[in-house]
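Below, all heavy atoms of this structure are taken into account, side chains as well, without hydrogens, waters or symmetry copies. Just so we're on the same page: letters track the sequence lines, and every chain starts at 1.
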Protein chains: 2
Amino acid sequence: MSRSYGQYCGLARALDVVGDRWNLLIVRQLLIAPARYRELLDGLPGVATNLLADRLRDLETAGVVQRRLAEKGNVVVYALTPWGAELREPIESLIRWSTPLMVRGPGGDCFRAEWLVVPLRALLVGKAAPRRSSKVGIAVDGQLVQVRATRSGIEVNPHDGGDLDAVVRADAAIVLGLAAGVLALDDTLGLVDIDGDEAAVRAIFNARRAHVGGSAH
Amino acid sequence: MSRSYGQYCGLARALDVVGDRWNLLIVRQLLIAPARYRELLDGLPGVATNLLADRLRDLETAGVVQRRLAEKGNVVVYALTPWGAELREPIESLIRWSTPLMVRGPGGDCFRAEWLVVPLRALLVGKAAPRRSSKVGIAVDGQLVQVRATRSGIEVNPHDGGDLDAVVRADAAIVLGLAAGVLALDDTLGLVDIDGDEAAVRAIFNARRAHVGGSAH
DNA sequence: CCGCATCCTCATGGATACTG
DNA sequence: CAGTATCCATGAGGATGCGG
């Protein structure tokens with residue numbers, strides 16, 4: 001654990017816990033899904049093995065992460081505690097703030113489709129459920145993320161290997177633009193490739209935000 | 001600037017900009033109010049002078065901070081750019097997340113009343129304006145923060161030296177509890193000391209959140 | 001004084017090799 | 001596979017210097 005700021009301030013205390021290098025990215029990975037040590041290493045290109053082990057220990061002591069034994073075998077799986085999962089809000093907030101940094105595209109940075117899970121959840125979850133259930137894959141760089149729409153809502157997860165009603169192939173920026181509603185499917189001819197049930201894809205990207213409150217003012 | 005994560009991910013890109021040690025705390029200080037170099041040093045106990053200079057340069061290059069020349073004299077004042085000011089949301093989010101870390105009290109950590117400005121704004125701004133205008137001081141550890149209530153809303157700022165209709169003296173945790181509405185003034189006998197217009201104080205802490213949307217569902 | 005720049009020391013991070 | 005151990009590079013923290 002790095003040096004404390006020693007300030008009685010919410011932000012400083014929060015950063016005492018999650019401010020160290022890699023910490024929030026580890027939380028991002030666990031927000032995507034609970035994972036084993038090796039999966040974390042893969043999802044966090046650039047992290048050193050000793051650092052990952054250190055950080056996981058720190059986060060566990062702090063109460064952000066918990067080691068669990070998976071049902072199958074006695075393998076260790078890392079997951080967020082309920083309090084750790086509440087970091088979803090600050091993280092989504094930072095992701096929204098970073099939009100100007102993302103629009104210029106990947107440049108030389110590496111990319112994993114699973115990283116789309118967090119922003120896609122922020123954009124799609126809470127939207128009105130489509131009439132028909134469907135399971136749509138989003139393929140970026142040959143990697144798959146799945147969006148499952150049921151009567152009870154929309155879920156976004158890494159692909160679990162099951163059958164898909166449709167597969168959309170596009171660049172990361174396009175996918176985010178479609179999910180955010182700043183791009184319409186019909187305006188992306190040639191940039192987006194759809195296999196399978198196109199209606200299911202349209203249902204997801206055209207879903208309106210579920211009506212929760214009344215109209216403003 | 002420290003090493004980039006090299007990941008095409010909103011969170012990673014955001015942290016490339018504000019993830020370095022001290023960066024978000026500098027933004028916190030500038031969120032409280034634009035400040036001169038020396039004021040930043042005072043508001044960030046523990047920071048080394050060279051680090052502060054380095055970070056200010058980095059943040060300026062990144063477009064988060066801007067150096068400005070104050071009207072009076074040709075003194076340099078640091079302030080947030082519009083994009084930098086949008087960090088208010090992730091920061092408030094982290095402050096909310098840190099609540100479990102704050103309830104145990106200051107311990108050995110140092111404290112400055114001005115640090116209350118950001119959380120108090122999050123809790124009070126947007127609340128319904130009281131009928132009468134007033135300017136109330138909140139004194140913690142002998143340092144003053146002011147809350148100004150007008151017809152157009154509630155403002156929270158470091159004390160500007162002007163006259164106050166009332167002064168509330170209490171511990172930081174109590175102040176936050178009152179503002180959050182988890183403590184009622186009447187339940188804090190002996191913990192809170194009010195001088196002056198007590199009604200003005202009650203008006204602020206009892207203000208209900210302004211009605212914006214309709215009822216849920 | 002204010003606003004930094006320099007210098008020095010030690011803690012932290014990063015890369016890789018290695019072990020149960 | 002799931003980490004430790006090791007070594008080197010970098011960054012943080014503290015003191016001090018220095019021009020305006």
Side-chain angles (χ1 to χ4, degrees), chain A residues 1-7 12 15-27 29-30 33-62 65-79 109-110, chain B residues 1-7 12 15-26 29-30 33-62 65-79 108-110:
Chain A
M1 207 170 337
S2 105
R3 201 178 162 67
S4 159
Y5 285 110
Q7 299 182 1
L15 293 175
D16 282 342
V17 174
V18 293
D20 275 359
R21 199 164 162 77
W22 293 107
N23 270 346
L24 275 184
L25 293 185
I26 291 171
V27 173
Q29 283 305 118
L30 297 179
R36 301 183 52 175
Y37 186 85
R38 155 54 58 123
E39 299 176 302
L40 288 174
L41 271 183
D42 293 342
L44 295 163
V47 75
T49 61
N50 56 345
L51 273 191
L52 180 56
D54 282 358
R55 293 293 113 97
L56 286 170
R57 245 192 309 272
D58 293 346
L59 290 171
E60 194 186 356
T61 324
V65 161
Q66 56 190 352
R67 317 160 78 91
R68 298 191 315 209
L69 290 175
E71 315 81 46
K72 298 288 180 185
N74 45 2
V75 264
V76 174
V77 172
Y78 294 92
D109 292 352
C110 62
Chain B
M1 208 170 335
S2 107
R3 201 183 220 295
S4 159
Y5 285 109
Q7 299 182 2
L15 293 175
D16 282 341
V17 174
V18 293
D20 276 0
R21 199 163 161 77
W22 292 107
N23 271 346
L24 275 184
L25 293 186
I26 291 171
Q29 284 305 119
L30 296 179
R36 301 184 52 176
Y37 186 83
R38 156 54 55 131
E39 299 176 302
L40 289 174
L41 270 184
D42 293 343
L44 295 163
V47 76
T49 64
N50 57 345
L51 272 193
L52 180 56
D54 282 357
R55 293 293 115 96
L56 285 170
R57 244 190 312 271
D58 293 345
L59 291 171
E60 195 186 354
T61 323
V65 161
Q66 57 190 351
R67 317 159 79 90
R68 298 191 315 208
L69 290 175
E71 316 81 43
K72 298 290 180 183
N74 44 2
V75 261
V76 174
V77 172
Y78 293 92
D109 291 353
C110 62

Q: Just call it for A/A48: base, sugar-phosphate, or nothing, with non-hydrogen atoms closer than 4.0 Å on any strand.
A: base
What's the [atom1]-[atom2] distance between [X] and [N], to the nearest Å?
| X | N | atom1 | atom2 | value |
| --- | --- | --- | --- | --- |
| B/L51 | C/dC7 | CG | P | 16 Å |
| A/D20 | D/dA12 | CG | P | 12 Å |
| A/L40 | D/dC1 | CG | P | 13 Å |
| B/L52 | D/dA12 | CG | P | 12 Å |
| A/D16 | D/dA12 | CG | P | 15 Å |
| A/R68 | D/dA2 | CZ | P | 15 Å |
| B/L56 | C/dA5 | CG | C1' | 14 Å |
| A/L44 | C/dG13 | CG | C1' | 15 Å |

Q: Measure from the side-chain heavy atoms of A/R38 and tell me the nearest of D/dT4, C/dC4, D/dC1.
A: D/dC1
Between the base of [N] and the side chain of [X], is one N or O donor paired with an acceptor at under 3.5 angstrom?
| X | N | result |
| --- | --- | --- |
| A/D54 | C/dG13 | no |
| A/T49 | D/dA2 | no |
| A/N50 | D/dT6 | yes |

Q | Polar side-chain atom of A/N74 near backbone of A/L69 as donor-acceptor pair, under 3.5 Å | A | no
Q. So, does B/R55 use its side chain to make a donor-acceptor pair with the main chain of B/R21 at under 3.5 Å?
A. yes
Q | Side chains of B/L30 and B/L40 in contact at under 4.5 Å (non-hydrogen atoms) | A | yes
Q. Could you give the angle between the helix axes at the two ends of the helix from C/dC1-D/dG20 to C/dG20-D/dC1, with five pairs per end, rounded to 10 degrees?
A. 20°
Distance below 4.0 Å between [X] side-chain N/O and [N] OP1 or OP2:
| X | N | answer |
| --- | --- | --- |
| A/R21 | D/dG11 | no |
| B/R67 | C/dC4 | yes |
| B/W22 | D/dG11 | no |
| B/Y78 | C/dC2 | no |
| B/Y37 | C/dC1 | no |

What's the shortest heavy-atom distance between [X] and [Y], and which atoms?
| X | Y | value |
| --- | --- | --- |
| B/W22 | A/Y5 | N-OH, 3.0 Å |
| A/V17 | A/A62 | CG1-CB, 3.8 Å |
| A/D16 | A/S4 | OD2-OG, 3.1 Å |

Q. Starting at the 5' end of DNA chain D, which residue's closest nucleotide do you reach first, A/R3 or A/R57?
A. A/R57
Q.
Using a 6.0 Å distance limit plus a 45 degree cone around the ring axis, check whether A/R67 lies over the aromatic ring of A/Y37.
A. no
Q: For a side-chain contact (heavy atoms from CB on, under 4.5 Å) with B/I26, tell me which candidate from B/L44, B/D20, B/V18, B/D58 qualifies.
A: B/L44
